[in-house]
Amino acid sequence: MEQTKPSQSLPDNAYRELKPGEEYVPMMPADAKPKEVTPYSVTMGLLMAVLFSAAAAYLGLRIGQVFEAAIPIAIIAVGVGNMLGKKNMLGQNVIIQSIGASSGIIVAGAIFTLPALYILGLETAFYKVFLSSVLGGILGIVLLIPFRKYFVKEMHGKYPFPEATATTEVLVSGEKGGNQAKLLAVAGLVGGLYDFAASTFGLWTEEISTRMTAWGTLCADKFKTLLKVNTSAAVLGLGYIIGLKYSAIIAAGSFLIWLLVVPVVGSTATGAGMSPEELYQTFGRPLGIGGIAMAGLIGIIRQSGIIKQAMGLAVSEFSGKKKAETNVPRTQRDLTMRTILTTLIAALATTFFFFQFGILGNWGQTAVALLIVFVISFLFTTVAANAIAIVGSNPVSGMTLMTLILASLVLVSIGLNGTAGMTAALIIGGVVCTALSPAGGFIT
């Protein structure tokens, strides 16, 4: 059979639903043999992972949000490939951005839970942080593989996949000689100079508050009304990346708390004598956490149909004949269900021994903790993938909070409390959170 040469443009049915009997032929068709995993692509991918891990960790710990690295890494991969004069780099660029984008994915899973171990002064060690991240990452990928065909093939054109679409356009433009890397370099330079001017020369403050004015101080003291704006380049850039819609949603949540909840509670006897900042810490923040946790629970309920359909596809593949598997096109070839199950069992067994000998030391409590990790990771991976497919944003924080709440309730009910219970709940949350992050990134 004659090998098909990869195209340099997307087919017209790349983003729309397929008509009955219509087949989607990607830019790298099933009978093509493009260069993908090469020393260059792996090395560049690892370099991007190191650089963007540091950036994602800094931004996440600073403002509680982690940017999606796939798009800027794709731009860099295209730019470097063009500068080096490389041709037919689409397959390798996909590998570069896939390896590199895992940076923010794993970092997001760790920074939302594990820093609490240090904040609370709990006993911790490097191996606990390392193993919780590694095992969570493996579980997230393995649990999502059976759902790939549902999200990517069966739902072709029905989900927008915003981030994947943007990344695809960047990579496709690279085949045509795109130069978006220059724009990224200029943006990075502008952002660096902006923060340098603020932090080094103090040309303006990083946080602007209405307390800077006399009327603002009066409103804060008398009416418990206060507004703050962070002016750092990281926050401005994050708002640009996630877009106006989701920036407005985040801002709406802040307005709701600071302009409604805080003033209302401050006007009652309960909040009398408390400053707006104290009211926020005591009432506003817990209210927001509860809302995020409930959103995670609602997400599971809403995705029950997707879980059932995707598992049906996975079971049908597992029960299929071996001969049929050998005829699967290259573009639809996943790891076998036997390999997936073997890896899953090995990861769960390792997690069990990690919990038993590294954290809990009680066989019964360890079994319960492992059950919590498996069930919640399995349910929430589809929620994460579906959220990425629709809005391009992974609600990891909300689902992690839900995990911590459920884990804490279950652990207390089986007699595990105090510092040991807090440590166990956070490590369990770390494993689950890290499982959900690569699940969303992998589907992209």
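- Annotation: side chain of Phe283 is not in contact with side chain of Val262 (no heavy-atom distance under 4.5 Å).
- Within the 4.5 Å cutoff, side-chain heavy atoms of Thr351 are placed close to those of Phe355.
- Remark: Leu371 pairs with Val375 by the side-chain contact (heavy atoms from CB on, under 4.5 Å) rule, at least two apart or across chains.
- A 4.5 Å side-chain heavy-atom check between Tyr40 and Met89 finds at least one atom pair inside the cut-off.
- The shortest distance between side-chain heavy atoms of Ile99 and Met48 does not fall below 4.5 Å.
- For the side chain to side chain contact (heavy atoms under 4.5 Å, CB included) criterion with Met44, the lone passing option out of Ile73, Asn93, Val80 is Val80.
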| task | Run the numbers on Phe354 and Ile427 for side-chain contact (heavy atoms from CB on, under 4.5 Å), then give the verdict. | result | CA-CA 10 Å; Phe354 167 48; Ile427 293 295; 3.9 Å; yes
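- Within the structure, the side chain to side chain donor-acceptor pair (under 3.5 Å) test picks out the following pairs touching residues 356-375 (sequence neighbours left out): Gln356-Thr366.
- Closest heavy-atom contact between Ile372 and Ala407: CD1-CA, 4.2 Å.
- In this structure Thr231 satisfies the side chain to side chain donor-acceptor pair (under 3.5 Å) test with no other residue, sequence neighbours excluded.
- Ser41 meets the side chain to side chain donor-acceptor pair (under 3.5 Å) test with Thr38; sequence neighbours excluded.
- Using a 4.5 Å cut-off on side-chain heavy atoms (C-beta onward), Leu411 and Ile428 make contact.
- Scanning for side chain to side chain donor-acceptor pair (under 3.5 Å) contacts around Glu36 gives an empty result, with sequence neighbours left out.
- Here CZ of Phe352 is found 8.0 Å from CZ of Phe357. Values are rounded to the nearest 0.5 Å.
- Contact between Ala74 and Leu171 at its shortest, heavy atoms only, is CB-CD2, 3.9 Å.
- The distance from the CD1 atom of Ile145 to the OG1 atom of Thr343 is 7.5 Å, given to the nearest 0.5 Å.
- Contact of the Phe52 side chain with the Ile76 side chain is registered, since non-hydrogen atoms from C-beta on lie closer than 4.5 Å.
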For residues 128-144, which side-chain N or O atoms pair as donor and acceptor with protein atoms under 3.5 Å away, sequence neighbours left out?
unit_1 : atom_1 : unit_2 : atom_2 : d
Ser132 : OG     : Lys128 : O      : 2.9
Ser132 : OG     : Val129 : O      : 3.0
Ser133 : OG     : Val129 : O      : 3.0

